[in-house]
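Below is one structure, written out as C-alpha cells, with a few remarks after it.
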Amino acid sequence: MTLAPTGSRELPHPDRVEIRLEGVLHALADPLRLRIVRELADDGGALACSDFEVPVAKSTTTHHFRVLRESGVIRQVYQGTAKMNGLRREDLDDLFPGLLDSLLAAAARQADRLRD
C-alpha cells in the first residue's frame, strides 16, 4: 500500500536506508504505538488518525504517530484535511525480514493471554 500526498503539506519521513532497527524497536516498545501498528496491519490500508480510538489526549496521540513516522514504521500523508497513516511494511520487511510479522504475532498472543 502506497500513500501519496495530495496537497502541498508533506511530512518528513526517513528514507529506507535511514531506518534503523533500534529506532523501530523503540517505537514498537510502547503499548499504544504497538496497538496502532497492529490496527494498521489488520486493516492493510490507510487509516486516518481519527479512526483510532486511543485513551490519551490528542497531543499525546500526535506524539505517538510522530515517533512511528520518524522511526520509519509508518508513512503519514495529508489527504484533504485528514492525516492518513499506512504501515511501511515493504520497507520493514526488506530491511528486517520477518521482524514485523514476528512482533505482530507475539503481540496478538500476548493480547489473547491477557484477555483470559
(Q) Donor-acceptor check, side chain of Asp101 to backbone of Gly98, threshold 3.5 angstrom: yes or no? (A) no
Q: Could you point out which residue of Leu103, Leu92, Val73 forms a side-chain contact (heavy atoms from CB on, under 4.5 Å) with Val37?
A: Val73
Q: Not counting sequence neighbours, which residues clear side-chain contact (heavy atoms from CB on, under 4.5 Å) with Thr60? List them please.
A: Val56, Ala57, His64
(Q) Show, in sequence, the C-alpha distance, side-chain angles and deciding distance for Asn85 and Val77, and conclude whether the side-chain contact (heavy atoms from CB on, under 4.5 Å) test is met. (A) CA-CA 7 Å; Asn85 304 279; Val77 297; over 6 Å; no
Q: Apply side-chain contact (heavy atoms from CB on, under 4.5 Å) to Leu11 and list each qualifying residue two or more places apart in sequence or on a separate chain.
A: His13, Arg69, Gln76, Tyr78, Lys83
**Q.** Distance in Å, Ser71 OG paired with Leu28 CG, rounded so as to fall on 0.5 Å steps
**A.** 6.5 Å
Q.
Holding to side-chain contact (heavy atoms from CB on, under 4.5 Å), I want the full list of residues that pass it with Leu95, two or more places apart in sequence or in another chain.
A. Arg16, Ile19
**Q.** For Leu32 against Pro55, the heavy-atom pair lying closest together
**A.** CD1-CD, 4.3 Å
Q: Scan for salt bridge (Lys or Arg N to Asp or Glu O under 4.0 Å) pairs involving residues 36-50, sequence neighbours excluded, and state none if there are none.
A: Arg35-Glu39
Q | Separation between CG of Leu21 and CG of Leu99, rounded to the nearest 0.5 Å | A | 6.0 Å
**Q.** Lys/Arg-Asp/Glu bridge criterion (N-O < 4.0 Å) met for Arg109, Asp112
**A.** no
Q.
Could you work out, with side-chain contact (heavy atoms from CB on, under 4.5 Å) as the rule, every residue matching Ala41, not counting sequence neighbours?
A. Leu87, Arg89, Leu104
Q: Please list all pairs passing the ring pair (Phe, Tyr, Trp, His ring centres under 6.0 Å) test where one or both residues lie in residues 15-61, with sequence neighbours left out.
A: Phe52-Phe65
**Q.** Check against side-chain contact (heavy atoms from CB on, under 4.5 Å), Leu47 and Ile36
**A.** CA-CA 10 Å; Leu47 296 171; Ile36 290 168; over 6 Å; no
Q | Glu18 side-chain N/O to Asp15 backbone N/O, donor-acceptor pair under 3.5 Å | A | yes
**Q.** Residues forming a ring-ring contact (aromatic ring centres under 6.0 Å, His included) with Phe96, sequence neighbours excluded
**A.** none
Q: Identify the heavy atoms of Ala27 and Leu68 that sit nearest to each other, and give their distance.
A: CB-CD2, 4.0 Å
Q. Roughly how far, to the nearest 0.5 Å, is CZ of Arg66 from OG1 of Thr61?
A. 12.5 Å
